[in-house]
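Here, residue 1 is the first one in the sequence, and each next residue gets the next number. Predicted model, so just to flag it, every value in this text is computed and none were measured.
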Amino acid sequence: MSKVYYANTPKFTGRNVPIEEIASATGKSGAFLREGLKQGFLTFGFACKRENATQYSFYCPDKLVWEELGYFKEVTEGFEL
């Protein structure tokens with residue numbers, strides 16, 4: 001597989017893109033995206049579960065979401081989704 005180089009890339013901040021935002025952008029359900037991250041067949045983020053915990057935490061950095069899905073939304077400082 002050849003590498004792709006981009007001349008202009010978005011300004012990445014490391015923002016954790018919420019699963020529901022990604023679901024809205026892709027047309028997939030949040031449950032599907034969470035399960036895909038847990039099982040490892042989706043690679044735009046990470047699913048973590050502490051030992052003896054029942055719930056997962058998800059981290060989907062904006063750069064990885066853009067690289068894998070082509071989705072990016074610039075969020076101005078102080079703006080919460």
Quick one: does Thr26's side chain have a donor or acceptor within less than 3.5 Å of a partner on Ile22's backbone?
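It does hold such a pair.
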When you measure from the side chain of Asp62 to the backbone N and O of Phe12, does any donor-acceptor pair fall under 3.5 Å?
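Absent.
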Salt bridge check: are Glu35 and Lys28 linked by an N-O gap of less than 4.0 Å?
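Here Glu35 does not pair with Lys28 in a salt bridge, since their nearest N and O are not under 4.0 Å apart.
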Does a salt bridge link Arg15 with Glu21, judged by any charged N lying under 4.0 Å from a carboxylate O?
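A salt bridge links Arg15 with Glu21.
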Is [Y] reachable from [X] through a run of hydrophobic residues whose side-chain heavy atoms are each under 4.5 Å from the next?
X: Val65; Y: Tyr56; result: yes
X: Phe58; Y: Val17; result: yes
X: Leu42; Y: Tyr59; result: no
X: Leu37; Y: Phe32; result: yes
X: Phe41; Y: Leu69; result: yes

Who are the ring-ring contact (aromatic ring centres under 6.0 Å, His included) partners of Phe44, not counting sequence neighbours?
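Counting only residues at least two positions away or on another chain, Phe44 forms no ring-ring contact (aromatic ring centres under 6.0 Å, His included).
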Thr9 vs Trp66 side-chain heavy atoms within contact, under 4.5 Å
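Thr9 vs Trp66: side chains touch.
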Kindly give the heavy-atom pair with the smallest separation between Ala23 and Ser29, and that separation in Å.
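Reported closest heavy-atom pair: CB-C, 4.1 Å.
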Please name the pair of heavy atoms, one in Thr43 and one in Gly40, separated by the smallest distance, quoted to 0.1 Å.
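Heavy atoms only, the tightest pair is CG2-O, 4.1 Å.
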Could you grab the distance from atom [atom1] of [X] to atom [atom2] of [Y], nearest 0.5 Å is fine?
X: Tyr71; Y: Cys60; atom1: OH; atom2: SG; value: 12.0 Å
X: Thr13; Y: Glu74; atom1: OG1; atom2: CD; value: 8.5 Å
X: Ile19; Y: Ser24; atom1: CD1; atom2: OG; value: 13.0 Å

